[in-house]
Amino acid sequence: MSTATQSGPIDLDSLGPLHYLGIVLALVSGLIHVRLGLSFAPSPLGLSFLFAGIVFVLACVAVAMDYRRRLVYGLGVPFTAGQIVLWYVVNFAGGPKAFPADVGTLGAIDKIAQLLLLGVLVALLRRE
């Protein structure tokens with residue numbers, strides 16, 4: 001683990017372009033989940049969205065702080081993949097919605113961000 005910079009616990013010196021891309025993608029997905037969670041709260045679905053959003057944001061903080069990055073990447077792969085699978089099952093498997101016609105703007109942005117994030121996480125795992 002690298003030492004923190006003089007300005008605080010955030011270690012920006014050790015972040016490369018791939019890290020920044022992953023952080024942006026995770027924040028996009030996390031903020032979408034928080035927004036949806038707040039709109040559905042206090043239902044169980046709303047709470048699950050809030051949980052997922054908070055996990056994405058906390059993972060960004062952990063990476064920025066250089067806290068067990070490899071573990072964060074390793075846990076991020078199944079977590080993010082699970083988000084994609086659950087989204088498909090809840091919205092399209094056996095329901096009245098059609099894929100891809102009924103995806104919606106937020107759904108498309110979120111899933112594109114998550115698919116790209118999966119690629120970034122795998123690349124980061126292979127590098128470190």
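Nearest heavy atoms, Arg69 versus Ser14: NH2-OG, 2.9 Å. What you find for Val103 and Ala108 is that their closest heavy atoms are CG1-N, 3.5 Å. For the pair Cys60 and Ile23, the tightest heavy-atom approach, listed with the atom from each and the gap, is SG-O, 3.6 Å. Scanning all heavy atoms of the two residues, the minimum distance from Gly22 to Leu117 falls at O-CD1, 3.6 Å. Contact between Leu50 and Val34 at its shortest, heavy atoms only, is CD2-O, 3.7 Å. The heavy-atom pair separating Val77 from Leu125 by the smallest distance is CG2-CD1, 4.0 Å.
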Output a table of donor-acceptor pairs, distance under 3.5 Å, between side-chain atoms of residues 85-98 and any protein atom two or more places apart or on a different chain; print 'none' if there are none.
| from | atom 1 | to | atom 2 | distance (Å) |
| --- | --- | --- | --- | --- |
| Asn91 | ND2 | Trp87 | O | 2.9 |

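Under 3.5 Å, the side chains of Gln114 and Ser29 contain a donor-acceptor pair of N or O atoms.
The environment of CZ in Phe51 is sparse: at most 12 heavy-atom neighbours from other residues, nucleotides or ligands sit within 6.0 Å.
When hydrophobic clusters are built by joining Ile, Leu, Val, Met, Phe, Trp and Tyr residues whose side-chain heavy atoms come closer than 4.5 Å, directly or via intermediates, Leu15 is grouped together with Leu27. Under the 4.5 Å side-chain heavy-atom criterion for ILVMFWY residues, no single connected hydrophobic cluster contains both Leu106 and Leu115.
In this structure, the side chains of Tyr20 and Leu12 come closer than 4.5 Å at one or more pairs of heavy atoms. Contact annotation: the side chain of Leu118 approaches that of Ile84 to within less than 4.5 Å [non-hydrogen atoms, C-beta and beyond].
In this pair, His19 and Tyr73 present their aromatic rings tilted. The plane angle is within the 30 to 60° band.
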